[in-house]
Participant: 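If you scroll down you'll find the structure; I have some questions about it.
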2 protein chains.
Amino acid sequence: MTSLDLFTHEARNLGKSARTKARLMDAAVSVFARDGFEAASVNEITRAAEVANGTFYVYFKDKDEIATAVAYRIAHDVVQQLDAAMVGVSDAVERVSCATRRLLDLATSTPQWGQALFRAVWIYNDLRDSVISYLRADLERGVAQGVFTVEIDDFLISTFSAMTMSTLFRRLNGEAGPDAGSLVAQLQLRMLGVAPDVAKRVAFQALEPITLTMPVIPRETDRSKKN
Amino acid sequence: MTSLDLFTHEARNLGKSARTKARLMDAAVSVFARDGFEAASVNEITRAAEVANGTFYVYFKDKDEIATAVAYRIAHDVVQQLDAAMVGVSDAVERVSCATRRLLDLATSTPQWGQALFRAVWIYNDLRDSVISYLRADLERGVAQGVFTVEIDDFLISTFSAMTMSTLFRRLNGEAGPDAGSLVAQLQLRMLGVAPDVAKRVAFQALEPITLTMPVIPRETDRSKKN
DNA sequence: CGATTAATTGACATATATCTCATAAAATTC
DNA sequence: GAATTTTATGAGATATATGTCAATTAATCG
């Protein structure tokens, strides 16, 4: 077990089997983030979860099944948090910029989940679609308002999200700094046809601090700090 | 062994050991393209190459070594072909557009190599740098000429190549059609600050048919056509 | 052609992964 | 607290991968 253990935390008041399952899912997040989907093994996951090998198969048929479960749960949570962070933003240009920046902030604030999200989106196409479900609507609104001068189709949306995802990747690997969200949002707005000065202003304008509504993210307490 | 076998073809006049090594490298390309780097096994490669397991270890220390060899050779060849295809294109806007489109055309014309290139660039960062080595210069030239209104830094270049690479990925997976190169080039030019109408014109203008100079790409003859 | 060198082979030792299942431990019920 | 149900265990059967090496086959040379 490492760091956050969000699933375990969520399941802390449920029955024993739910808690064990959650432990396995947290462990899977760690292992997938560290080793990648392919290289990860059930043994690594059970070791990380501190349960016996056989326990895994009580809860999941195989690696694919836990991977799917983890991926969909993470995507679901991220979409939820993203929705919450977007409440009150109505201007199309701001919404598009905000979504990219918030997603990056979210995914990098808990890097293991970010890694898992990245890999999950890579593998499960429908997940990508759900993470960016709001995007198409915002883009179309911008076109209707005349601020975006580009045709909204699958190709555009794929390219747009590839820009976000590649930034996430570089952010998680330390190749990009905290302003990466703003930088890529700026490029995305330019691509959509927003005037350069407006793109810069919107992409770099300060974001409200996030007010978490849904899942309580446990923080390390000072006393339990590691080395 | 499948389809193209470019390495084998290149080595056809060399000694036996060079030919066997080439067989292994072609097989590796196939297997990596099919199974991905992680999932590929030495056994699969030797089976595809129709040699015994032990033969592999005569030529390569392990999977990593052949992967590196293959990746660098492919990147080298692609850069070479790309250079050839860019000769005579001098305008910065055209060069940037042309490079993206040519790279996509090249990589999709031999899909297994395209897959391998995609995976290689993913894993070996310096390869990505070599494939896009010309890019920075062209971008800076465009800025000097006043046609690009964006700051040229690592972040921009990474994002730019992510757009190309994600298009390659979708192209190889049949999610994008033959015009994908033009579509993404258009978006890239817009992002760089080129006026939308110019971006469209340049990205969609006809390209000269490629005149191959360097490595002879063997074509399937009609009589050896499969089913 | 016989001798020498180069290239190839596949069985084998080792390691690690998957998934099952009889059994044990823990939790719950009455 | 005994009985019952739920949960967890880890040894083991099966499979597949890696890398080595003595032996075999193919190529070359004088």
Side-chain angles (χ1 to χ4, degrees), chain A residues 1 5 7-71 116 119 123, chain B residues 1 5 7-71 116 119 123:
Chain A
M1 284 303 217
D5 305 329
F7 290 131
T8 305
H9 188 256
E10 269 181 18
R12 68 194 179 285
N13 293 324
L14 302 178
K16 186 167 195 195
S17 74
R19 267 149 36 216
T20 303
K21 191 168 183 175
R23 284 173 71 80
L24 283 164
M25 288 173 73
D26 277 321
V29 171
S30 295
V31 174
F32 289 152
R34 174 163 50 87
D35 301 342
F37 266 123
E38 311 285 346
S41 74
V42 170
N43 275 340
E44 278 300 312
I45 294 170
T46 54
R47 178 180 321 173
E50 293 173 301
V51 299
N53 161 275
T55 306
F56 178 90
Y57 295 95
V58 175
Y59 295 99
F60 300 100
K61 193 167 71 62
D62 53 23
K63 196 174 74 176
D64 265 5
E65 194 171 286
I66 196 172
T68 309
V70 163
R119 295 186 191 280
I123 291 170
Chain B
M1 286 301 218
D5 305 328
F7 290 130
T8 305
H9 188 256
E10 269 181 17
R12 68 195 180 285
N13 294 324
L14 302 177
K16 188 169 193 192
S17 74
R19 265 148 39 216
T20 303
K21 191 168 183 176
R23 286 173 69 81
L24 283 164
M25 289 174 72
D26 277 321
V29 171
S30 296
V31 174
F32 289 151
R34 173 164 51 85
D35 300 344
F37 186 66
E38 311 286 345
S41 74
V42 171
N43 275 341
E44 278 300 312
I45 294 170
T46 54
R47 177 178 323 172
E50 293 172 302
V51 299
N53 159 274
T55 305
F56 178 90
Y57 295 95
V58 175
Y59 296 99
F60 300 99
K61 194 167 71 61
D62 53 23
K63 195 174 75 175
D64 265 4
E65 195 171 287
I66 197 173
T68 309
V70 162
R119 296 187 190 278
I123 291 169

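Just so it is clear: chains get the letters A, B, ... in the order the sequence lines come, proteins before strands, and each one is counted from 1.
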Participant: Name all residues meeting the side chain to side chain contact (heavy atoms under 4.5 Å, CB included) criterion together with A/Ser41; count only those two or more places apart in sequence or in a different chain, and write none if there are none.
Facilitator: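 For A/Ser41, the residues satisfying side chain to side chain contact (heavy atoms under 4.5 Å, CB included) (neighbours in sequence not counted) are A/Asn43, A/Glu44.
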Participant: I'd like to check the ring pair (Phe, Tyr, Trp, His ring centres under 6.0 Å) partners of B/Phe37; sequence neighbours left out, ordered by chain and number.
Facilitator: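 With sequence neighbours excluded, B/Phe37 shows a ring pair (Phe, Tyr, Trp, His ring centres under 6.0 Å) to B/Phe32, given in chain and number order.
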Participant: Kindly compute the distance separating OG1 (B/Thr55) from CD (B/Glu50), expressed to the nearest 0.5 Å.
Facilitator: 12.5 Å
Participant: Going 5' to 3' through nucleotides 9-21 of chain C, assign each nucleotide B (protein heavy atom under 4.0 Å from a base atom), S (under 4.0 Å only from sugar-phosphate atoms) or - (no protein heavy atom that close).
Facilitator: BBB-----SBBB-
Participant: Within the distance-only criterion (no hydrogens, no angle test), does the side chain of A/Arg12 pair as donor or acceptor with the backbone N or O of A/His9 below 3.5 angstrom?
Facilitator: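 Confirmed, A/Arg12 side chain pairs with A/His9 backbone.
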Participant: If every non-hydrogen atom of B/Glu38 is compared with every non-hydrogen atom of A/Ala39, which pair is closest and at what distance?
Facilitator: OE1-CB, 4.4 Å
Participant: I need the minimum non-hydrogen distance between A/Val29 and A/Val70, along with the two atoms involved.
Facilitator: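 For A/Val29 versus A/Val70, the nearest heavy atoms are CG2-CG1, 3.6 Å.
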Participant: Less than 4.5 Å apart, any side-chain heavy atom of A/Phe60 and any of A/Val42?
Facilitator: no
Participant: At under 4.0 Å between heavy atoms, how does the protein contact nucleotides 22-30 of chain C? Give one character per nucleotide, 5' to 3', with B, S or -.
Facilitator: ----S----
Participant: Quick one: do B/Phe56 and B/Val51 satisfy side chain to side chain contact (heavy atoms under 4.5 Å, CB included)? Show the steps, please.
Facilitator: CA-CA 8 Å; B/Phe56 178 90; B/Val51 299; 5.8 Å; no
Participant: With side chain to side chain contact (heavy atoms under 4.5 Å, CB included) as the test, would you mind laying out the steps for A/Thr8 and A/Arg19 before giving the verdict?
Facilitator: CA-CA 6 Å; A/Thr8 305; A/Arg19 267 149 36 216; 5.6 Å; no
Participant: Students should find this one: the first and last nucleotides of DNA chain D, 5' to 3', lying under 4.0 Å from a heavy atom of chain A. What are they?
Facilitator: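 That gives a stretch of D/dT7 to D/dA11.
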Participant: Across the strands shown, which category fits B/Phe60 at heavy-atom distances under 4.0 angstrom: base, sugar-phosphate, nothing?
Facilitator: nothing
Participant: Pairs in or reaching into residues 59-71 of chain A: which pass side chain to side chain donor-acceptor pair (under 3.5 Å), with residues at least two apart or in two chains?
Facilitator: A/Thr68-A/Tyr124
Participant: Would you say a side-chain N or O of B/Ser17 is under 4.0 Å from OP1 or OP2 of C/dA7?
Facilitator: yes
